[in-house]
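Not measured: the values here are computed from a predicted model.
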Protein chains: 2
Amino acid sequence: MIRFSIAEENYLKTIYHLQNASGIVATNDLAAALHTAPASVTDMLKKLSKKGLVSYKAYYGCTLTEAGEEGAVSIVRRHRLWEYFLSQKLGFSWEEVHEVAEELEHISNEKLIDKLDAFLGFPRTDPHGDPIPDAKGKIIQTKQVSLATLSEKQVAIVTQIGNQSPEVLEMLDEKNISIGSRIQVIKKYAFDESMEVRTDNKHQSYLTKELSQNIFIKN
Amino acid sequence: MIRFSIAEENYLKTIYHLQNASGIVATNDLAAALHTAPASVTDMLKKLSKKGLVSYKAYYGCTLTEAGEEGAVSIVRRHRLWEYFLSQKLGFSWEEVHEVAEELEHISNEKLIDKLDAFLGFPRTDPHGDPIPDAKGKIIQTKQVSLATLSEKQVAIVTQIGNQSPEVLEMLDEKNISIGSRIQVIKKYAFDESMEVRTDNKHQSYLTKELSQNIFIKN
DNA sequence: AATTATTTTTAGGTTTGTCTAAATTATTAT
DNA sequence: ATAATAATTTAGACAAACCTAAAAATAATT
Ligand SMILES: [Mn+2]
Ligand SMILES: [Mn+2]
Ligand SMILES: [Mn+2]
Ligand SMILES: [Mn+2]
């Protein structure tokens, strides 16, 4: 296993996420995601390219090579395992875990991660419902069906959250919605596709289309 | 709380340990402990001095200021809590924990450390018997009495290890000695102050003076 | 097609933390 | 006290990762 610097790891991970969301990654998008100047990104892309981690063509964009993706997945694994640990063992809320995991993910001792995985009971998803890659880098991503696709009377279980900003997560907290929640659509308004849902026997909540689109479910 | 870079944290922690062992810290000693060139240490000492973390006089040596010591203790706290976690929760052996904790100690989220502390049940000593500073930075170091001071027939409990090199720790593993072990001196040889000890009902071991001096005990 | 706007790269700098080699200061031995 | 040795600092450089401002390439408008 090659060792990466913290900066390199952050680039790999961010390219990975952007690439999964929308293919070839533009320099400006990467810069925005990393909170750095585009010029700095160009510098780093050249370095990563020389190391064989990204394929980069000037004025075009970049994608991860096999080696780059392998590295990225390993960082994602660490990140999500630590998020699970923070949430399940230390009692952090799901809007707090990401920030702390951003630091913990850079500890690269492989034995540590595998022992942590075992200690946690080989969890398959993190507190936001995202899949945790296994030790070999294999990821099982379930199909993402959003709550917005349901019609009245239908029932489903929350499995994953799209937009994981603290704002969204806090809103979901208040509406009593978390991973594993059972939700029934009570009323759906044709005008703006907003909906009234029942989260448990007592609580009912009103969700905009924008919000319900970020709640992924299974039957 | 001021935030330190990883390099600064390693300097503070190392100065702290050297200072506790032998007063004013010499540039060369610090360089050796940090595996850096003495010239680099001089540079950094000037920076730390300007930040008010060490008091430094050229050609003389350095010591920590109050602020520097406060920082150092906080790093020691993190280090030892992680060592405890690695040992007790993840099943690492006591010769493995130090290396991993060297990385984990630099994660500076205060809430993380306090929650970890609570999760672990507020342990007072790490896997080598070293005291863990509490959240306020208070350290309770018990008096260090070495096994070498005991005479024949006497019994004691192992509380702490002096030299914690993997070599020593492995040797103690083989002799069935760990923190909390009950040890009885069977025979003590006047010639070289080596001793035969009983570690439990079955096992007996032979210890050189040098080794027994590194095993600290209580009655 | 020509102009304007946007994106990206290049050029030149900065900071942090390191290094080697040379100069200086302190210590030890003669 | 002088010379030799050891410890420490200064001088000058370097790599990593960032920056701003200017130039160049690409994309969007008119
Ligand atoms: Mn996250
Ligand atoms: Mn997550
Ligand atoms: Mn340690
Ligand atoms: Mn320890």
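For B/Asn10 and C/dT16, the CG to P distance is 17 Å, given to the nearest whole Å. Atom CZ in B/Phe4 sits about 15 Å away from atom P in C/dT16, given to the nearest Å. The separation between A/Ile6 atom CD1 and D/dC18 atom P is 11 Å, rounded to whole Å. Between B/Leu34 atom CG and C/dC19 atom C1' there is a gap of 15 Å when expressed in whole angstrom units. When rounded to the nearest whole Å, the span between CG of A/Leu30 and P of D/dA17 equals 14 Å. Whole-Å rounding puts the B/Asn28 CG to D/dA7 P distance at 6 Å.
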Listed pairs under 3.5 Å, donor-acceptor, residues 132-142 of chain B side chains, sequence neighbours left out:
from	atom 1	to	atom 2	distance (Å)
B/Asp134	OD1	B/Lys136	N	2.8
B/Asp134	OD1	B/Gly137	N	3.0
B/Asp134	OD1	B/Lys138	N	3.0

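The side-chain tip of A/Lys89 does not point at the ring of B/Phe85 from less than 6.0 angstrom away and within 45° of straight on. In this structure, A/Lys51 forms no cation-pi arrangement with A/Phe4, as its terminal cationic atom is not both closer than 6.0 Å to the ring centre and no more than 45° off the ring axis.
For the pair A/Thr36 and D/dA17, the criterion of a side-chain N or O lying under 4.0 Å from OP1 or OP2 is not met.
Residues from residues 37-62 of chain B lying near DNA chain D, meaning a heavy-atom separation below 4.0 Å, are B/Pro38, B/Ala39, B/Thr42, B/Lys46, B/Tyr56, B/Ala58, B/Tyr59 in numerical order.
Residues A/Val158 and A/Leu172 have side chains not in contact (no heavy-atom distance under 4.5 Å, counting atoms from C-beta outward).
The base-pairing partner of C/dA22, taking Watson-Crick or G-U wobble contacts with both distances under 3.5 Å, is D/dT9.
The two residues A/Glu105 and A/His79 come nearest to each other via the heavy atoms OE1-ND1, 2.8 Å. What you find for A/Ala33 and A/Thr14 is that their closest heavy atoms are CB-CG2, 3.5 Å.
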